Amino acid sequence: MDEVRTRIAPSPTGAPHIGTAYIALHNYAFAKSRGGKFLLRIEDTDRARSTLESEAQILRALRWMGLQWDEGPDVGGPHGPYRQSERTELYRARTQQLLKSGHAYRCFCTREQLDELRALQTARGEPPGYDGRCRKLATAEADGRASRGEEFVVRLKMPRAGEAYKEVWGEDVDNEDTTLTPGISGFFDGIRKEKVAFENRGVDDQVLLKADGFPTYHLANVVDDHEMRITHVMRGEEWISSTPKHIRLYQAFGWTPPRFMHLPLLRNSDKSKISKRKNPTSLSWFQARGYCRPATVNFLALMGYSRADGRELFDLGELVAGYDAARLSTTAPIFDFAKLDRFNTHYLVHMDRVAFGAYQEDALHALLDYLGPLLPLVQERSRMRTDLDRWTSFLFEREPRYVEPAFRAVGLDAELADKALKLVAKELERAPVIPAQTCREILDRVAEKLLFPANSLYMLVRVAVMFEQESLPLFEVLEFLGPDLVGRRLKEAAAFLRQRAPAGKKE
RNA sequence: GGCCCCAUCGUCUAGUGGUUAGGACAACAGGUUUUCAUCCUGUCAACAGGAGUUCGAUUCUCCUUGGGGUCACCA
């Protein structure tokens, strides 16, 4: 049998995500348990959001997990480059190939036209989706418009409703039925152990090549997985609904698709897909908070997976040794900090002295690294080394520890404070990023509008975010936390005040 | 809303037609520890609902309900 090859393909658009680590862990364990290769590929085709800094952080975080890739941007390999931004020529050539074979076409629709179309469809209660109007364009006309410099994207021709075509179910498993079914496409999911079928009419013509010449995820991912000889794609179940497009692409190229396995998504405690708005998701945060490697790996390995022998405590090597993809579950697990904390306690208490020393050192480095721009502000108010914790502990508090006196000191009655917090939250929501200076302007504006003394509003927000009157400079901290976390704290504070407001005032 | 995925204690899960439905975390109650933590013992706690298949359904089928994902020139 062919060598098993899996990959993790993070997009370097932010902090290393806990979900990436989770998916990576399974890909690694699966490949290694079968004596195969595990690769790392950087999917940086989003020019606007990808950064080298994020890429470096992600690699560092995955290495911290103990994962080692056989091929990747930093270690090289026979199928490189492993950074998609360095493979653009390849995608362009592949796009030409599809254009020539008639599997793809140029689309000259502007964003405005597409927005209009979507608005119209929504208004009419139709499902939104590209209507394929440029599909009818004659090749000669399209070539002409393109050579005249008109901007265009390239779209994949999906089979139309009822149109008969050769169905592809992905790798044939256990003699799965592969008969032709006109109008239906689908794939075999290795975790659900079932065919997942879609009607063609619900799948529109996906963009493959953007106007900037960069490929979309769909194209790059298919081309690279094929070029890099990936045999098994283990990814989040958020990808299930676009898999028919991917299958269609493999088919258009005449390639055999890899085996797909869609892992259940990690969830917030309200069961929504895990997000930084509701949960810490940055691996850097976990390290800085002091979660040790074995606990993190062990706990993550228990999400959606269990061992046949029922053991819950095991290390990465043991996970790999006995890994069985058939034991992956289909239900999405809620990320439970209480259990993670328990695991951390267990590993910390039981590790030997040398390891404990190394852990402390590692965690301190991670903390200092995580603090970054906040560190000088801590230094300004440092009398002792341990003051570090005093000023930064609020960052690692998962639940706010509000106390009434701190709010009372603000000098505003609860009702007004509640109103102010909500207004600030709303204003902040409009800004995708909030530099310190902008924060100040926003707060000043709100204060003026509500006829509040600016200082009172500052203190109110300060306590809402950092719990205490004595704390780091407000605006820098707001910038550091970002709109998601700040918004969350403001709402939590408002809820706290509402709950504490004198009952029976009116109603 | 269309399409798709999912459904066992509060949480993570075992279970693949016959079990007192098992374990772990949390919670609670004890014990060990001069105290605290660790550690140990115990208690509470679940098959979403309804049909069907079957001698027998947590397990198989269908429906309902609930939850989630996805419908971008982001991945």
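All of these numbers come straight from a predicted model, not from anything done at the bench. In the text below, chain A, chain B and the rest are named by the order of the sequence lines, each starting its count at 1.
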*Which part of the nucleic acid, if any, lies within contact of A/V153, taking any heavy atom under 4.0 Å across all strands shown: a base, the sugar-phosphate backbone alone, or nothing?*
base
*So which nucleotide from B/C74, B/C5, B/C71 ends up closest to the side chain of A/E237?*
B/C5
_Approximate separation, where rounding is to 0.5 Å, of A/H17 NE2 and A/Q57 CD_ = 13.5 Å
_What is the distance, to the nearest angstrom, from the CD atom on A/E43 to the C1' atom on B/C73?_
16 Å
*Counting side-chain heavy atoms from C-beta on, which of B/G67, B/G69, B/U8 comes nearest to A/R267?*
B/G67
*Nucleotide B/C73, atom C1' - distance to CZ of A/F108 in whole Å*: 14 Å
*For A/A211, report the nucleic acid contact type (base, sugar-phosphate, nothing); a contact means any heavy atom under 4.0 Å.*
base
_Tell me the interatomic distance from A/L328, atom CG, to B/C12, atom C1', rounded to whole angstroms._
14 Å
*Scan A/R111 against the nucleic acid and name what it touches under 4.0 Å (heavy atoms): base, sugar-phosphate only, or nothing.*
base
*Nearest-nucleotide comparison on RNA chain B, the residue closer to the 5′ end among A/D270 and A/K245*: A/D270
*Once you round it to whole Å, what is the distance between C1' of B/C39 and CG of A/L348?*
16 Å
*Once you apply the 3.5 Å cut-off to both distances, tell me the Watson-Crick or G-U wobble partner of B/U32, or none.*
none
_Interatomic distance at C1', B/C28 relative to B/G67, whole Å_ = 30 Å
*Report yes or no: is the cationic atom of A/R155 (NZ for Lys, CZ for Arg) closer than 6.0 Å to the six-membered ring centre of A/Y105, at no more than 45° off its axis?*
no
Contact list (N/O, under 3.5 angstrom) for nucleotides 60-66 of chain B vs protein:
none

*Would you call A/R135 and A/D205 a side-chain contact if the rule is heavy atoms closer than 4.5 Å?*
yes
*Does A/T45 place a side-chain N or O at less than 4.0 Å from the phosphate oxygens OP1/OP2 of B/A75?*
yes
*Whole-Å distance between B/A37 P and A/D341 CG?*
16 Å
*In the strands shown, is B/A51 matched to any nucleotide by a Watson-Crick or G-U wobble pair with both distances under 3.5 Å, and which?*
B/U61
*Taking atom types as modelled and ignoring hydrogens, do the side chains of A/H26 and A/Y323 form a donor-acceptor contact shorter than 3.5 angstrom?*
yes
*What is the distance, rounded to the nearest whole Å, between atom OH of A/Y130 and atom P of B/G2?*
25 Å
_5' priority, RNA chain B, between A/P333 and A/F198 [closest heavy atom]_ = A/F198
*asked:* When you measure from the side-chain N and O atoms of A/R49 to the phosphate of B/A72, is any distance below 4.0 Å, counting only OP1 and OP2?
replied: no
*Report yes if at least one side-chain N or O of A/S11 is closer than 4.0 Å to OP1 or OP2 of B/C74; otherwise report no.*
no
_If I take atom CE from residue A/M158 and atom NE2 from residue A/H103, how far apart are they, to the nearest 0.5 angstrom?_
12.0 Å
*Pick out which of A/L219, A/L156, A/N221 makes a side-chain contact (heavy atoms from CB on, under 4.5 Å) with A/H246.*
A/N221
*Rounded to the nearest angstrom, tell me the gap between atom NE2 in A/H218 and atom C1' in B/U70.*
11 Å
_For atom NZ of A/K271 and atom C1' of B/C6, their distance in whole Å_ = 10 Å
*Any strand is fair game: report the nucleotide pairing with B/A27 by Watson-Crick or G-U wobble, both distances under 3.5 Å, or none.*
B/U43
*Determine which nucleotide pairs with B/U19, using a 3.5 Å limit on both distances of a Watson-Crick or G-U wobble pair.*
none
*Under a 3.5 Å limit for both distances, which nucleotide forms a Watson-Crick or G-U wobble pair with B/A37, could you say?*
none
*Under a 4.0 Å heavy-atom cut-off, which of residues 304-321 of chain A touch RNA chain B?*
A/G304, A/S306, A/E312
*State which of B/A7, B/U38, B/A75 makes the closest approach to the side chain of A/Y217.*
B/A75
*Is it the case that A/R106 places NZ or CZ above or below the six-membered ring of A/F152, under 6.0 angstrom from the centre and within 45 degrees of the axis?*
yes
*Could you check if a side-chain atom of A/E238 sits within less than 4.5 angstrom of a side-chain atom of A/K273, using non-hydrogen atoms only?*
yes
*asked:* Ring of A/F335, cation from A/R267 - is the NZ or CZ under 6.0 Å from the centre and inside 45° of the axis?
replied: no
*Taking only side-chain nitrogens and oxygens of A/R201, does any of them come within less than 4.0 Å of OP1 or OP2 of B/C71?*
no
*Nucleotide opposite B/A75 in a Watson-Crick or G-U pair, distances under 3.5 Å*: none
_Inter-nucleotide C1' distance (B/U59, B/A48), Å rounded_ = 16 Å
*So, the side chain of A/T20 versus the backbone of A/P16: is there a donor-acceptor pair under 3.5 Å, distance only?*
no
*Output yes when A/E312 and A/R342 qualify as a salt bridge under the 4.0 Å nitrogen-oxygen rule, no when they do not.*
no
*Rounded to the nearest 0.5 Å, how far does OG1 of A/T6 lie from CE of A/M261?*
8.5 Å
*Does any nucleotide pair with B/C3 by Watson-Crick or G-U wobble geometry, both distances under 3.5 Å, and what is it?*
B/G69
_Looking only at the side chain of A/K273 (C-beta and beyond, no hydrogens), which of the listed nucleotides B/U70, B/U13, B/U38 gets closest?_
B/U70
